[in-house]
Chemist: 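Before I ask anything, let me first share the structure, which is written out below as structure tokens.
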Amino acid sequence: MRLSDQHLSADELESLGREEGLSGELEDQLQQAREHAASCPACRRKLQVYPTSGAKLEKLRAFQGAEKRPSCPSIETWLQLAGGLLPSADQERYTRHAAQCDYCGPILQQVIQDFSKPASQEEEALLSNLDQGRQSQQRSTLAQALGKETFRSVKPAPRGTKWIRFPVWAASAAALAVCAVLALVVFRIGPFNEKQDTVASITQLLGEAYGEQRNTELRIPQGIYGPIRVSRAGPGSQFNSPPALLKAEGMIAPALENRPNDPELLRRKAEADLLRGNYGDAIATLNIILNQGNPSAVVLQDLGVAYFQSAEDNGSGENKKNDYKKACQYLSEALKIAPYNSEILFNRAIIDDKLQLLDRSIEDWNQFLKSEHDPKWISEGSKYLEGVQGKKKPAQ
Amino acid sequence: MLCNQLSHSDLVQACLTSDEEAWKEFTDRYDQVISLAVLRTARRWGDISKPLLEDLRGDVYRKICDNNFALLRNFEFRTDGSIYGYLKKVATNAVHDYFRHSPPRPGRDVPIEDLYQSADPPKQIRVGSGAIERNVLLREVEEVLWEVTGSEGERDRTIFWLYYRQRFTAEEIAELEYLCLTVKGVESVIHRITNAVRDRLSD
């Protein structure tokens, strides 16, 4: 029951100001409030100006384009605040600053939105599309970096974490990320370390040997840039061999004695053979790896190089063309696994040119130039591209 | 105990012992968080092409694994769930680092903070009589706020300013951990303070 001299409360001012339609007991209470306002000058005046107080609050909004002041923290602070990573006292201090700073307030708000809002449908679709092509490429890229042929697959991710409402893409995302992390973890630490060190050393030596005495236009996996020195494939003399190649072969042989079926060692042996121009031996070794199943992009890349060397050695005729075609087929298979691998793109672009597939050669060169970071390879690729584009122009 | 039953801190500890099952669980739990942070940050830089997003996500995992998992080893759990905020921060910083060190493109030399300025059009003006009027209003409201909240009402005043000056929603305010308020709690504070302030402003 309202007392006769009881002034309007803030809630009553709010309700009367909105002139909401209410019913029952609330309407009875408001009716009593109206009757009081009618007889109380102070409350009547307050009721009249109440809407303007709302307008005043609207004018408090921060303006855009405020400038950063010396006391304004960096983005790192806002990331830590939004992530709940600061002690409570610091959270309070920085939040207080953001609340009254027109430069920092919007930043904190945007960071909180980035960290806390559930994924929109558009975002879910983007991330879902991301993972469809990524798994194979990531596996191949990581396998190359770590000298590992394949990764174990893992079970799909369970659903339901905080604001997560992702559908199927989450499963493949988690599986693929597991592969990435497992590869990095397992092969940095633990029982694989010693073997990995050997393979890594051999890989480095072969890369150096390739650069020192590059005997083919095509690129072997992780080959360091070097100009072409020997244009004709064929067995090289031990005495003319780069020291790095001799050293690599010195490591491969005993390692293979201990592990004769190890695909990583077998592949390195094949690459050493390619550097000597022994493409026949290389093909035989690489076929052993193929028969083990699940060939990786790098094995297919090596097969491409081997058949290319065979084609180059074959003079002319149908055999030459068939070897180029085989090389091209293996490289195309490799690109299905690793579509942005600049080495494989480089190699296929060259063979496409040999096979007069000029349009695809140009496509491969353009993609290569987007993917490659080494300026020396970029320079060489650019020259090749110019050559192919020149062939496409009609004769004057 | 199965890895999916471990607390966040226990899971991270298990990962640091190179437990493969723990790492599987790690990616099960956190990859979604990392991926979305990468996407949202890359979008601020204006490039969310598929190959780039793929690379950026890989970068985040590489950073986590670098230097014998230093990022995880050095992380201190303030709360068990703080790993989520930490990984979001790591992912966000990884993307910022990438774009800052990329080949220069138009707009790439802007301060990172500018990427987070709100896109909403302002209703306030910065200069002239409008700015003066606003400053007067700010002082007036600040005085009223102190009257209605008292010397112990720092939290309520902060909530008020976040809501009215910075236009935070109640949900966004509730995300601020130190407030220890639900969305309903924030709305209740806003309602109470607003009525009190408007009452005073109407005097």
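Numbered from 1 within each chain, the chains take letters A, B, ... in sequence-line order.
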Chemist: Which bit of B/Phe75 is near chain A, if near means a heavy-atom gap under 4.5 Å: side chain, backbone, both or neither?
Modeler: side chain

Chemist: Identify which of A/Gln80, A/Gln48, A/Glu76 forms the greatest number of heavy-atom pairs closer than 4.5 Å to chain B.
Modeler: A/Glu76

Chemist: Which bit of B/Arg157 is near chain A, if near means a heavy-atom gap under 4.5 Å: side chain, backbone, both or neither?
Modeler: neither

Chemist: A side-chain contact here means heavy atoms from C-beta on lying under 4.5 Å apart; do B/Leu176 and B/Leu162 qualify?
Modeler: yes

Chemist: Establish, from distance only, whether the side-chain atoms of B/Ser9 and B/Asp80 form a donor-acceptor pair under 3.5 Å.
Modeler: yes

Chemist: B/Thr92 versus chain A, heavy atoms under 4.5 Å apart: side chain, backbone, both or neither?
Modeler: side chain

Chemist: Among A/Val49, A/Asp102, A/Leu47, single out the residue with the greatest number of heavy-atom pairs under 4.5 Å to chain B.
Modeler: A/Asp102

Chemist: For B/Asp47 and B/Ser49, test the side chains for any donor-to-acceptor distance below 3.5 angstrom and give the result as yes or no.
Modeler: yes

Chemist: Between chain A and each of B/Tyr163, B/Tyr30, B/Tyr86, count heavy-atom pairs under 4.5 Å; write down the option with the most.
Modeler: B/Tyr86

Chemist: Taking side chain as everything from C-beta outward and backbone as N, CA, C, O, which of these in B/Glu171 sits under 4.5 Å from a heavy atom of chain A? Side chain, backbone, both or neither.
Modeler: neither

Chemist: Establish, from distance only, whether the side-chain atoms of B/Tyr61 and B/Asp31 form a donor-acceptor pair under 3.5 Å.
Modeler: yes

Chemist: Are the side chain of B/Glu21 and the backbone of B/Asn4 linked by a donor-acceptor contact shorter than 3.5 Å?
Modeler: no

Chemist: Looking at A/His7, I'd like to know if its NE2 atom is crowded, meaning that more than 12 non-hydrogen atoms belonging to other residues, nucleotides or ligands lie closer than 6.0 Å.
Modeler: no

Chemist: So for B/Phe160, is it side chain, backbone, both, or neither that comes closer than 4.5 Å to the heavy atoms of chain A?
Modeler: side chain

Chemist: Using 0.5 Å steps for rounding, measure from the CD atom of B/Glu175 to the CG atom of A/Leu81.
Modeler: 11.5 Å

Chemist: Evaluate the side-chain proximity of A/Tyr94 to A/Trp78: yes if any heavy-atom separation is below 4.5 Å, no if none is.
Modeler: yes

Chemist: Give the member of A/Leu79, A/Leu57, A/Leu8 that has the highest number of heavy-atom pairs under 4.5 Å with chain B.
Modeler: A/Leu57

Chemist: Quick check on B/Glu142 against chain A: is it the side chain, the backbone, both or neither that has a heavy atom closer than 4.5 Å?
Modeler: side chain

Chemist: Does any heavy atom of chain B fall under 4.5 Å from the side chain of A/Ile75, the backbone, both, or neither of them?
Modeler: both

Chemist: Between chain A and each of B/Tyr178, B/Trp161, B/Phe77, count heavy-atom pairs under 4.5 Å; write down the option with the most.
Modeler: B/Tyr178

Chemist: Is any side-chain N of the basic residue among B/Glu25 and B/Arg29 closer than 4.0 Å to the acidic one's carboxylate O?
Modeler: yes

Chemist: Quick check on the interface: out of A/Cys104, A/Pro87, A/Ala82, A/Ala89, who has the most heavy-atom pairs with chain B under 4.5 Å?
Modeler: A/Pro87

Chemist: Measuring heavy-atom distances to chain B, does A/Thr52 have an atom under 4.5 Å in its side chain, in its backbone, in both, or in neither?
Modeler: neither

Chemist: What heavy-atom pair brings B/Arg167 and B/Glu172 nearest, and what distance separates the two atoms?
Modeler: O-OE1, 4.3 Å

Chemist: Is it the side chain or the backbone of B/Arg155 that comes within 4.5 Å of chain A heavy atoms, both, or neither?
Modeler: neither

Chemist: With A/Arg61 as the cation and B/Tyr164 as the aromatic partner, state whether NZ or CZ is under 6.0 Å from the six-membered ring centre and within 45° of the axis.
Modeler: no

Chemist: Considering only heavy atoms, which portion of B/Val197 lies under 4.5 Å from any heavy atom of chain A: side chain, backbone, both, or neither?
Modeler: side chain

Chemist: Please state whether the side chain, the backbone, both or neither of B/Arg198 comes within less than 4.5 Å of a heavy atom of chain A.
Modeler: both

Chemist: Pick from A/Gln100, A/Gln113, A/Glu92, A/Lys68: which one has the most heavy-atom pairs with chain B under 4.5 Å?
Modeler: A/Gln100

